[in-house]
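Just so you know, these numbers come straight off a predicted model, no measurement behind them. So you know, we letter chains A, B, ... as the sequences are listed, proteins then strands, and number each from 1.
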There are 2 protein chains.
Amino acid sequence: MRTPEARRVFNFCAGPAAIAESVLEEARADMLSYRGSGMSVMEISHRSALADDLFEEAEANLRRLLGVPKNYRVLFLQGGGSQQFSMVPMNFLRSDESAEYILTGHWGAKAIGQAGLEGTPHVAWSGEEERFVRVPENAELDLLERSAYTYFTSNETIQGVQFDAEPTGLSPLVCDASSDFLSRPVEIDRFGLLYACAQKNAGPSGLTVVIISDEMLDRTKPNLHRMFDYREHAAAGSRLNTPPMFSVYLFLLITRWIEQDMGGLSALAVHNQAKADTLYARLDRQSDFYTTHAKPTSRSIMNVTFRTPSAELDAEFLAAAKRRDLTHLAGHRSVGGMRASIYNAMPVAGVEALCELLDEFRDAHQ
Amino acid sequence: MRTPEARRVFNFCAGPAAIAESVLEEARADMLSYRGSGMSVMEISHRSALADDLFEEAEANLRRLLGVPKNYRVLFLQGGGSQQFSMVPMNFLRSDESAEYILTGHWGAKAIGQAGLEGTPHVAWSGEEERFVRVPENAELDLLERSAYTYFTSNETIQGVQFDAEPTGLSPLVCDASSDFLSRPVEIDRFGLLYACAQKNAGPSGLTVVIISDEMLDRTKPNLHRMFDYREHAAAGSRLNTPPMFSVYLFLLITRWIEQDMGGLSALAVHNQAKADTLYARLDRQSDFYTTHAKPTSRSIMNVTFRTPSAELDAEFLAAAKRRDLTHLAGHRSVGGMRASIYNAMPVAGVEALCELLDEFRDAHQ
C-alpha cells in the first residue's frame, strides 16, 4: 500500500499514536457501508442490532485477550485519562478519606491534583526529586493503614518509566494503564480498577476503556452526576448516552488485529520487549553519545526517552529523523531530548530505521 | 458511488445520523495519509502543526458559518449532550441558586435531573401534561426574578418539537442545540452558552461543540475538576487533554461541505424547511391515516414524528420502509410510531422516497 497517495511514515508519536496499516485499510474499506448496511459505522444507531454486535464483540475480544474475570465490568467511556483523574476520586474518595498515590511522573501528578478536590491524596512514594527516572520497589512505599485505594501509573509516557509488575497496596489498586494497555498480559484480578485512554495501543483518541471489579463498583459514592458515575455506565452497558461509535469500532478492529495478526498479548509482549531491547541496546552501546532518561530497571518498553550531548544536537537529530520519515520523536518539553514511542503498531522495521539513524548520527557528530 | 460494495441507504436515524457521502469519501481518501503526512489524522499529535491547522480551520469555519462574535469562545469537548446536562449546573448553578428550565421533552427532563445535584432547577414551563406536543409562547413562561440562567432545548429530538425563535429569559440563555445545530442561522449573541453534540448535523458521536460568551465564562464556579471547567478548556484552546482528533476532523469536513456544497446556513435553512414542508404536507394530506405528534406551530424541521392508525400498522410500515432501504424510522419508545430525522445530510431524494412510501402504504392499508 506504499503507493504515492498513501506514503506511510514510521510514526513514533506518544499519542495519538500509530495504528496498524491493515486496521486503517479495513476502516477505509468500510467507510461508506459498514457490514453491508449502506451506512458508515458513524451513521448507525447505537441502539441498533449492528451496534449491539459491535459492543458485544469489542467487549468479548477484550475479555479474552486480557482474561478479564466475570466479576469485572468493561466500560467504554469518553474524556481520556484526564477525565479518569477526576472520576476515580469522585467515585471512591470521600472527603474524610485518604487515597494512596504512587508518583512516578507527569500523569500521576495530574491525577493527584484532581484527587485533592474530593479528599486527601497521600503520596506513598515520589520520584520527583530524582527527576522521575525510576519506579519504586514495593518496600519503599509509605502506605497508610487505611486508604480508599492505591493509585499508580503503570507506564509514565513522558518520562518513559514503567512498572515491571504492579505494586502491592493495602487498599484496592487503581491503575492508569493508558500507555501500556494491551501491550502485554495483565492479571486483572489484582486491580480494583484499571483504565486506559485508547490512543496509544487501543484505538483513536476519544475512547477510554475502564475495567472495574463489582466489589469496587459497590464502593461508589452516592449522588454523583450520572455521566461521572461508574455504576450508571455499567448498568447501561456503556451506552448511557451515545457512545463514540467510530472509536469503539476502531478498538474492535485493533483487538482483532492483536489476536489474529499479532498472536495475542503474550506474543505481543515478546515482540514489544524485543523492539525495546533492540533500541535500548543500541543506545547503551553508544552511551558516550546518547544518554537514556530512565534507570535500566524501570525502562519503559513503550516510550524510550534519550538525548544527545546537547540541545542543539537533539534538534539536529530530530531534523535528520524527519528527513527519513521518522516522525514525532521530540521528547516532552518537561524532559527534553527525544522520545521514541514504540507501541504495538510500530513495526520492527521502524525500530531498525531509528537504530540506523542513531549510528549514523553519532558517527557524524561525535 | 452506489457500487455494490458501497450501496447506500436513506438513513433517517436520529443520531448518530447520516453524513454527506462526499464527506465520507474524503475521509476514506485521507485514511492512510492525512494531507500527505504519511499518517492518518488519528495518528498525528494533537500538539503538531497539522493539528493546529485542523483546529484553527474548524473553529474559523464555525465562526464564519454562525457569525460567532469575538467575545465568544468555541470549545470542542467530549461526553455528548449528557455531559453538558451536568457541566452547565456544575459551572453556573450555585447551591443557593435557582436556574430556569423550559421543559419541552425528553432531553430537557434529563438536564433538570442533573441540575438538581447542584442547586434548584425551576421549571418555568412544562409541556409534560400535553405529552410534549409543543413549545411555549414566551408569555407562558413563569420566570423567577433571579436565576443563574434560563435553559431550553431548541429542538427536542424524540418528540420532534422545535422553537422557531429562542425564548427570552431574565437570565442568560443556555441552549441545548444538539439536534438543530448548524441546520439554520442562529444569533449567537442572544445566548450565554449554546452547545450541541455533533452526531446529528455536525459530525460523528464523540464530539460536543460549546459556544460560550466571555461574560458567562466569568461566572464559572471555583474549584471545579479541570475536565469539567469551561475556563480550563477555553484557556487550553480545547486541547486541555487529547481531543477526539478524528471527530474534529469530520466536523471540519462537514463545515466545509455546509459552506461550499450547501451554500451556507441560510441556504441550508431554506433547503431543510423545504424538506420538512414536503413531508408534513404529505402527512397532513393523509390525516385520515397518519397522525403527527407535534402541533403545527411547534413542528421540528429536523425530526418528523408521526404514526399510522395502530401499532401493528406502524410495525408493518417500518418493515416496508426497510425493504426500500429507508432505515432507522422507528420512533423513540416513549413516543412510539415513526420518526423521520431529516438532518442536513438527508437528500431531497430520501424525503421523496419516504413520501412515496407514505402514499403507497396508506393506499394499501386504508
**OP:** Looking only at non-hydrogen atoms, find the nearest pair between B/M31 and A/L24 and report the distance.
**Re:** CG-O, 3.3 Å

**OP:** Output the option from B/M90, B/M42, B/H225 having the highest count of non-hydrogen pairs under 4.5 Å with chain A.
**Re:** B/H225

Subject >> B/Q83 side chain reached by A/Q83 side chain, heavy atoms, under 4.5 Å >> reply: yes

Subject >> Any donor-acceptor N/O pair, B/R7 side chain to A/S33 backbone, under 3.5 Å >> reply: no

Subject >> From NZ (B/K200) to OG1 (A/T242), nearest 0.5 Å >> reply: 5.5 Å

**OP:** Report the option among B/G79, B/G206, B/C13 that has the most heavy-atom pairs separated by less than 4.5 Å from atoms of chain A.
**Re:** B/G79

**OP:** Identify the heavy atoms of B/N241 and A/G80 that sit nearest to each other, and give their distance.
**Re:** ND2-CA, 4.1 Å

Original post:
Regarding B/Q199 and A/H46, is there a side-chain donor-to-acceptor distance under 3.5 Å anywhere?
Top reply: no

**OP:** Measure distances from A/L224 to the heavy atoms of chain B and classify the residue's part below 4.5 Å as side chain, backbone, both or neither.
**Re:** backbone

Subject >> For the student: nearest non-hydrogen atoms of B/P16 and A/S45, plus distance >> reply: CD-CA, 4.2 Å

Original post:
Quick one: what part of A/F85 sits under 4.5 Å from any heavy atom of chain B, side chain, backbone, both or neither?
Top reply: neither

**OP:** Measure across B/S40 and A/R8 and return the closest heavy-atom pair with its distance rounded to 0.1 Å.
**Re:** N-NH1, 3.6 Å

**OP:** Kindly determine whether B/E43 and A/H328 satisfy side-chain hydrogen bond (donor to acceptor under 3.5 Å, both in side chains), including the steps that lead there.
**Re:** CA-CA 10 Å; B/E43 298 174 285; A/H328 284 117; over 6 Å; no

Subject >> Separation between CG of B/L32 and CD of A/E25, rounded to the nearest 0.5 Å >> reply: 5.5 Å

**OP:** Report the distance from atom OG1 of A/T208 to atom CD of B/Q78, rounding to the nearest 0.5 Å.
**Re:** 6.5 Å

Subject >> From CG (B/D325) to CE (A/M39), nearest 0.5 Å >> reply: 8.5 Å

**OP:** Would you indicate whether the side-chain heavy atoms of B/K110 and A/R226 approach each other to under 4.5 Å?
**Re:** yes

**OP:** Look up atom OG in B/S82 and atom CD in A/E232, then write down how far apart they are to the nearest 0.5 Å.
**Re:** 10.5 Å

Original post:
What residue, out of B/G38, B/A17, B/S86, has the most heavy-atom pairs lying under 4.5 Å from chain A?
Top reply: B/G38

Subject >> Most contacts with chain B, counted as non-hydrogen pairs under 4.5 angstrom, among A/R47, A/E118, A/M227 >> reply: A/M227

Original post:
When only pairs under 4.5 Å are counted, which of B/S37, B/A330, B/G81, B/A27 shares the most heavy-atom pairs with chain A?
Top reply: B/S37

Subject >> Non-hydrogen atoms of B/S205 and A/P244 that approach each other most closely >> reply: OG-CA, 3.6 Å

Original post:
Side chain, backbone, both or neither: which part of A/T327 has a non-hydrogen atom closer than 4.5 Å to chain B?
Top reply: side chain

